[in-house]
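As structure tokens, the structure follows; a few thoughts come after it.
Keep in mind that the numbers below use all heavy atoms, side chains included, and drop hydrogens, waters and symmetry copies. Note on naming: letters A, B, ... go to the chains in the order of the sequence lines (proteins, then strands), and numbering restarts at 1 for each one.
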Amino acid sequence: MGTLNTPKQVADRRAQATHTSMFARMLLRAAVLRRRRATAALLAMIVAAAVATAMMNLYVDVQAKLRTEFRNYGANVVVVAKDGQSLSGQFVSADVLAKVESTFGAKTLAVPFSYAVARTKDGQSVVVVGTDFTRARQLNHWWKVNHWPDAHGEALIGMRAATVVSPNRQPFELSFQGKEIQLAPAGMLQTGAGEDSRIYLDQSEFQSWTGIAPSTIEVAANGSTAEIEALIRQLAQILPGAEIRPVRQIMEGEANVLNKTRATLYASAALVILTSALCVLATLIGWVFDRRHDFAIMKALGASERLVNGFFAAEAAALGVVGAILGFFLGIGVAAWIGRVNFHAPVVPRFGVFPYVLAGSVAVALISAILPITMLRRVEPAIILRGE
Amino acid sequence: MFPRIVYESFRHQARRKLLAGIAITLGVAVATAMIAVATDIGDKINRELRSYGANLIVTPQEDTLDVEVGGINLKPPSDGTFLNEADLPKIRGTFWHNNIVGFSPMLPVTVKLGGGSGAKDVTLVGTYFNKPLHFGRQDFTTGVRITHPWWKVEGSCGDGALPRSGRVEDSPAACGWPNDDSQNILVGERLATKLAKKPGETLDVAGRQLTISGILSTGAAEDDQIVAPLALAQQVLGKPGAVRRLYVSALTKPQDGFATRDPKTMTPEVYDRWYCSPYVQSIAYQLQEVIPHSHAEQIRQVAQNEGTVLTRIKGLMLLVTLAALFASALAVSAAMATAIFERRIEVGLMKALGAGNLAVSAIFFAEALLLALVGGIAGFSAGALLAHQIGRSIFNSQISIEPVLFPIILVIAVFVTFAGSAAAIRRAVKFDPVFALRGEG
């Protein structure tokens, strides 16, 4: 008798060998043989994971989406020269603009404004503003303008200013400290606010006429209130001659609406995820409970408690992992679709969400497997096999 | 026999029925809460959007140009025409008066600070802070504390407590805010620093000694100005009842193509429909009707953007609600399917005793109906409670649940339960009784 051929050794070896392969085989065969029930369980898992992924993705991304939406309200930070001087007191105005934009980071829009009070021919005072039209147009989406000036000597005229300076849209003359300028109205501006009483000119034209450099820069910066306040402090050190302040009306309104929306979405996401976990629980409990015969046979054949539990747990975990992976991609698709439908921009997939979805899916699957197993453990295998 | 079978089934399988019932209750509760939140979110966010300030401005029809640079008004103060303060309460008589959250009149006056040669020009704005008014039998208060919620006041409290920030929500005690019938004023933050003045001190404004009740911070032009009760500004100007501008904050519907049409070109029917829609344009039109010689216009910065934000948030909540409904329908179906699948042996027995497919299905459907009704009612109540909690904790106000929602929810619950059970019942009925009875499920 060789050392490898004692009956006990053979039995041991076989037990060892078949044992491991049998485990995998049972897992697979169980899924194939009962594919309808397995599919139902997997489907529930996928849907739950997809819904959870979509909700988490949306929750993270919606704030960014809404922030861009809120930027349509215009500037949320204003840079003003101290004591009414112009900002170029210390810097060339283009330099100041560049400094502001580089401090607040990409996607920031900074628009210079300079102001002067000019007189019309009949002695009426009117405020004339010099600005950069291309930038102002991007910043102030709500300005209703029928035609933006694009040629030299053209001005944008507020609705109410127009009735005074150019009622029939004829060219008009303005004078500032004895210097005169001839302007043609390009288009009308309507905002319902102070802008309606003003005349807007291109900055270079305005400066060569009045000699006044920009005194105000309006900035539309992205970020939360705290981020923007930190940037304001940073910019204040770079531009000591300027006063930088947040536009409270815009900042507080945005923070308010954003917080409420986020809280509502959070509550909704929690409810939706809870419900889909419930769905998985209901399906999986059924699926495991349904297999009580397998459970009883395994035990009748002498399987240990640990093995049987391990088997069911492995099955549930496998279901959880496969469901989480498939559901994750489905969920990203759903989130992207919602982004496109509602915000006209796709929601960026967040792969950082995946570990949470995976852990959640496996946890729910394990819980749904453990519940019926603890119920079955108390029952004698013989009773189950007799069909009672 | 039929009622007895159903009854006994509930009595003997109480635990399984309870599980299915809980699933239905939870599903219905989530659906109810989400529908309630989604239907009310528009109104709630609309109110939150009012924190951006007024969306309508009313000016005299024949107004002269504003000449204002950096918060300093260069226009001669008595120049131009005014609105009449006595007309303002009539706003409460417009068709959409319930949508008007508040309004604030403004009367800017240029005043000299301090006497003698050191005099300095400063703008003093007269307004309502929180003024009690009445129209007909209605009593209401309005003013900047409602229409300009971002205005903050630092001042001493009347009861000698420590100064607190003066937002309406934070302190009902109105610390620092002057009374509308007092001679007290608010001084803008930057102006106060320049003058080195603190709350409680007096300031010489146009020859009057006025008490500073608080320091105002707005992040805008008012930081360089003095804000006073309207009556005081009128006295300084010498024009009782005069108002230069009126800011109105109204809840509006996002505008569409119909909103921007000219009411003069409409047929009477279309006009009525337009008039009775809370568009910012139709509210402006109604304001012009009640305030003589006025011109009302939307403040485009606020009015144009709130429509987009509102549409986005409402759309988002609608999609999320659909996801919630889908998930709860699935959960209910899954629970029902599981509950029925476990009863194949019972089906086999019934069929072996001669029950037809119809009779067996009827029993299951009756059970499902009973479960759905009980679960639906319990779920609706739980959902209403949940919606109430969400409204309280997030929006600080009630989320109202329309009673009409109840039958709808109940029908949906029954329908989803049936749909969820149908497949399982069909399979249970089709199952061969021999296999079932031999225990070979």
Side-chain angles (χ1 to χ4, degrees), chain A residues 44 47 51 54-55 58 62 66 69-70 72-74 84 115 117 124-127 142-144 160-161 164 190-194 197 245-250 252-253 256-257 260-261 263-265 267-269 271-272 274-276 278-279 282-283 285-286 289-290 293 338 341-343 386-387, chain B residues 19 23 26-27 30 33-34 37 41 44-45 48-49 51-53 57 63 65-70 74-75 149-150 217-220 297-301 303-305 308-309 312-313 315-317 319-321 323-324 326-328 330-331 334-335 337-338 341-342 345 390 394-395 438-439 441:
Chain A
V47 169
V51 169
M55 291 311 294
L58 272 183
V62 149
L66 280 176
E69 219 59 64
F70 282 121
N72 288 338
Y73 272 104
Y115 299 90
V117 179
Q124 268 263 15
S125 302
V126 63
V127 178
W142 70 90
W143 281 19
K144 191 178 166 193
R160 281 166 58 191
V164 174
Q190 192 182 0
T191 69
S197 305
R245 53 173 193 256
V247 182
R248 279 260 288 285
Q249 178 181 7
I250 302 298
E252 287 193 3
N256 200 5
V257 176
K260 301 284 155 86
T261 312
T264 318
L265 196 65
S268 319
L271 284 181
V272 172
L274 187 82
T275 323
S276 37
L278 184 78
C279 171
T283 318
I285 287 181
F289 201 74
D290 201 42
H293 277 108
I338 288 182
V341 167
N342 200 41
F343 296 104
R386 273 169 58 202
Chain B
L19 275 177
L26 280 178
V30 168
M34 285 305 298
V37 169
I41 187 105
K44 292 281 176 289
I45 293 291
E48 296 304 329
L49 282 168
S51 57
Y52 272 108
I57 184 167
D63 200 10
L65 285 186
D66 288 325
V67 187
E68 195 184 291
V69 176
L74 304 170
K75 183 154 86 167
W150 67 94
S217 152
T218 71
E297 203 177 335
Q298 55 167 317
I299 299 175
R300 291 181 66 89
Q301 178 176 16
Q304 292 289 305
N305 289 315
T308 3
V309 170
R312 295 279 184 273
I313 294 177
L316 181 72
M317 283 313 291
L319 290 168
V320 170
T321 305
F326 179 68
S328 39
L330 224 58
T338 305
F341 200 70
E342 280 164 19
I345 297 175
I390 290 177
I394 297 177
F395 295 103
R438 277 176 57 203

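Inter-residue side-chain proximity for B/M317 and A/S268 is flagged as met; some heavy-atom pair is nearer than 4.5 Å. Side-chain contact between A/L278 and B/V30: absent, with no pair of heavy atoms (C-beta onward) separated by less than 4.5 Å. Residues A/W142 and A/N72 have side chains not in contact (no heavy-atom distance under 4.5 Å, counting atoms from C-beta outward). When side chains are defined from C-beta on, A/K144 counts as touching B/R300, because their heavy atoms get closer than 4.5 Å. For the pair A/F343/A/V62, a side-chain contact is recorded, criterion being any heavy-atom separation below 4.5 Å from C-beta on. Residues B/F395 and B/I41 meet the side-chain proximity criterion, which asks for heavy atoms closer than 4.5 Å. Looking only at side-chain heavy atoms (C-beta outward), A/Y73 and A/V247 stay at 4.5 Å or farther from each other.
The contact between B/Q301 and chain A is made by backbone and side chain atoms together, counting heavy-atom distances below 4.5 Å. Residue B/L26 touches chain A through its side chain alone, counting heavy-atom pairs closer than 4.5 Å. If you measure heavy-atom distances from B/I299 to chain A, the contacts under 4.5 Å come from both the backbone and the side chain. Neither the backbone nor the side chain of B/T321 comes within contact range of chain A, judged by heavy atoms closer than 4.5 Å. For a residue to count as touching a neighbouring chain, one of its non-hydrogen atoms must lie under 4.5 Å from one of that chain's; by this rule B/V37 touches chain A with the side chain only. For B/E297, the part lying under 4.5 angstrom from a heavy atom of chain A is the side chain only. If you measure heavy-atom distances from B/I57 to chain A, the contacts under 4.5 Å come from the side chain alone. With a 4.5 Å cut-off on non-hydrogen atoms, A/A44 does not touch chain B at all.
Interface remark: of the candidates A/Q124, A/Q190, A/M55, A/Q190 forms the most heavy-atom pairs closer than 4.5 Å to chain B. Looking only at heavy-atom pairs under 4.5 Å with chain B, the residue among A/T264, A/L58, A/L66, A/V164 that has the most is A/T264. With respect to chain B, the highest number of heavy-atom pairs below 4.5 Å among A/V341, A/V51, A/L274, A/V272 belongs to A/V272. Of all the listed residues (B/L316, B/T218, B/I390, B/V309), the one sharing the greatest number of non-hydrogen pairs under 4.5 Å with chain A is B/L316.
The shortest heavy-atom contact between B/A331 and B/A23 is O-CB, 4.5 Å.
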